[in-house]
Amino acid sequence: MPPSKRQREILRLLEREGTVALSDLARKLNVSLETIRRDIKPLAGSGSLVKMHGAVSLLSTVGEAPFERRMRENSEAKRAIAAAVAATIRDGDSIMMDTGTTTSFLARELLGHRRLTVVTNSSDIARTLATLNDNKVYMAGGELRSDNGAAFGSTAIDFVSRFSVTHAIISTGAVNAEGMMDYDLEEAEFARTVLMRGRRTLVVTDHSKFGREGLVRVSGFDAITELATDRPPPGDIAEAIEAAGARLVVV
């Protein structure tokens, strides 16, 4: 049986965004979770998509590198966050960014800016902004990881510690009432260093990170001036941000 109109729309969303949570599919298509489950069952049975815990993905995206796959997840939200933050950055500003999908989207939103000074450990961000519009791009050295093309370790931390910038911006793997967390020790250590180097310290994260429990603590909300996201966080997180004196920006 050929796919229905809604099933075709599900496949189009997956082509654009990669892995999508079932709850997000239900919201985007304005139907119930039970309806979404009924729609995806025959698509999974025919091999058109792959079911995972609470989410679905196209079969063709399952073999993607982790960073490429994460760039497709919640891409609309990440792009909206990046556009809002880019609008607050002026030509000639200095920016430090760690590796992450939302910071990579931010780099793309900065393509129209001029004379930026950018410090990063991400080869994707460096490639995006280097040699354009009189920008200066400094990339931290060290061994590049195969999954995201970023440098970590003491060499990378020592390098970025030499700079003081206007905007220090990190992404994060998890946000709860205690602050920001990540799943990798070296990534958390690098992000923590970035937050120490800026006059303005900003976390960019989409709503899917709220309520998650990471492995390694990056910092509390008292280490940042702002958190930019696409949906209001749960009440305990919003209260903790306010109590720390940080600004919550919902785009």
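Quick note: numbers below take in every heavy atom, side chains included, and nothing from hydrogens, waters or symmetry partners. Note that this is a predicted model, so its numbers are computed, not measured.
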*Provide the closest heavy-atom pair for Met180 versus Gly220 in the form atom of the first, atom of the second, distance.*
CE-O, 3.6 Å
*Identify the heavy atoms of Gly141 and Ala151 that sit nearest to each other, and give their distance.*
O-CB, 3.5 Å
*Passes side-chain contact (heavy atoms from CB on, under 4.5 Å), Phe221 versus Val175? Steps please.*
CA-CA 10 Å; Phe221 297 118; Val175 180; 3.9 Å; yes
*Treating Ile, Leu, Val, Met, Phe, Trp and Tyr as nodes and any side-chain heavy-atom pair under 4.5 angstrom as an edge, say whether Phe210 and Ile81 lie in one connected cluster.*
no
*Between Gly149 and Met139, what is the shortest heavy-atom contact and its length?*
O-CE, 4.2 Å
_Between Val56 and Leu43, does the side-chain contact (heavy atoms from CB on, under 4.5 Å) criterion hold? Intermediate values first, please._
CA-CA 10 Å; Val56 287; Leu43 294 175; over 6 Å; no
*So do the side chains of Leu29 and Leu13 get within less than 4.5 Å of each other, counting heavy atoms only?*
yes
*Can you tell me how far the CG atom of Leu106 sits from the NZ atom of Lys78, to the nearest 0.5 Å?*
13.5 Å
_Ser104 and Asp124: side chain donor to acceptor below 3.5 Å_ = yes
_Applying side-chain contact (heavy atoms from CB on, under 4.5 Å) to Ile36 and Ile10, what does each step give before you reach the verdict?_
CA-CA 9 Å; Ile36 288 295; Ile10 290 171; 4.2 Å; yes
*If two hydrophobic side chains count as joined below 4.5 Å and joins carry through other members, does Leu215 share a cluster with Met181?*
no
*asked:* Under a 3.5 Å distance rule, please check whether Arg212 uses its side chain to pair with a backbone N or O of Ser208 as donor and acceptor.
replied: yes
_Check whether Thr201 reaches the backbone of Ala223 with its side chain - one donor and one acceptor, N or O, closer than 3.5 Å._
yes
*Once you round to the nearest 0.5 Å, how far does CD of Glu186 lie from CD of Glu143?*
9.0 Å
*So, the side chain of Ser171 versus the backbone of Thr99: is there a donor-acceptor pair under 3.5 Å, distance only?*
yes
*asked:* Please give me the minimum heavy-atom distance between Ala246 and Ile224, naming the atom from each residue.
replied: CB-O, 3.7 Å
*Look at the side-chain heavy atoms of Ile, Leu, Val, Met, Phe, Trp and Tyr, link any pair under 4.5 Å apart, and say whether Leu144 and Met97 land in one connected group.*
no
_Applying side chain to side chain donor-acceptor pair (under 3.5 Å), can you list everything that pairs with Ser4, at least two apart in sequence or on another chain?_
Gln7
*Polar side-chain atom of Arg6 near backbone of Thr35 as donor-acceptor pair, under 3.5 Å*: no
*For Arg90 and His113, work out which heavy atoms get closest and say how close.*
C-CD2, 4.1 Å
_Heavy-atom side-chain contact between Asn135 and Leu110 under 4.5 Å_ = no
_Please determine whether side-chain contact (heavy atoms from CB on, under 4.5 Å) holds for the pair Ile125 and Thr103, giving the CA-CA distance in whole Å, both sets of side-chain angles, and the decisive distance to 0.1 Å._
CA-CA 8 Å; Ile125 292 173; Thr103 47; 3.9 Å; yes
*Any chance you could measure Lys51, atom NZ, to Arg37, atom CZ, to the nearest 0.5 Å?*
9.5 Å
_If hydrophobic clusters are built from ILVMFWY residues whose side chains come within less than 4.5 Å, do Leu111 and Val118 share one?_
yes
*asked:* Contact between Thr88 and Glu226 at the side-chain level, heavy atoms closer than 4.5 Å - yes or no?
replied: no
_Electrostatic pair Asp134-Arg114, nearest N-O below 4.0 angstrom_ = yes
_For Thr229 and Thr205, which I'm curious about, is there any donor-acceptor pair between the side chains at under 3.5 Å?_
no
*Do Val85 and Val250 share a hydrophobic cluster, counting only Ile, Leu, Val, Met, Phe, Trp and Tyr and linking them when any side-chain heavy atoms are less than 4.5 Å apart?*
no
*Would Arg12 and Glu9 pass as an ion pair if we require N to O under 4.0 Å?*
yes
*Name the one of Ile169, Leu202, Asp98, Ile170 that satisfies side-chain contact (heavy atoms from CB on, under 4.5 Å) with Leu195?*
Ile170
*If you look at every heavy atom in Val218 and Ala191, which pair is closest and at what distance?*
CG1-CB, 3.9 Å
*Any ring-ring contact (aromatic ring centres under 6.0 Å, His included) pairs touching residues 159-205, not counting sequence neighbours?*
Tyr138-Phe163, Phe159-Phe163
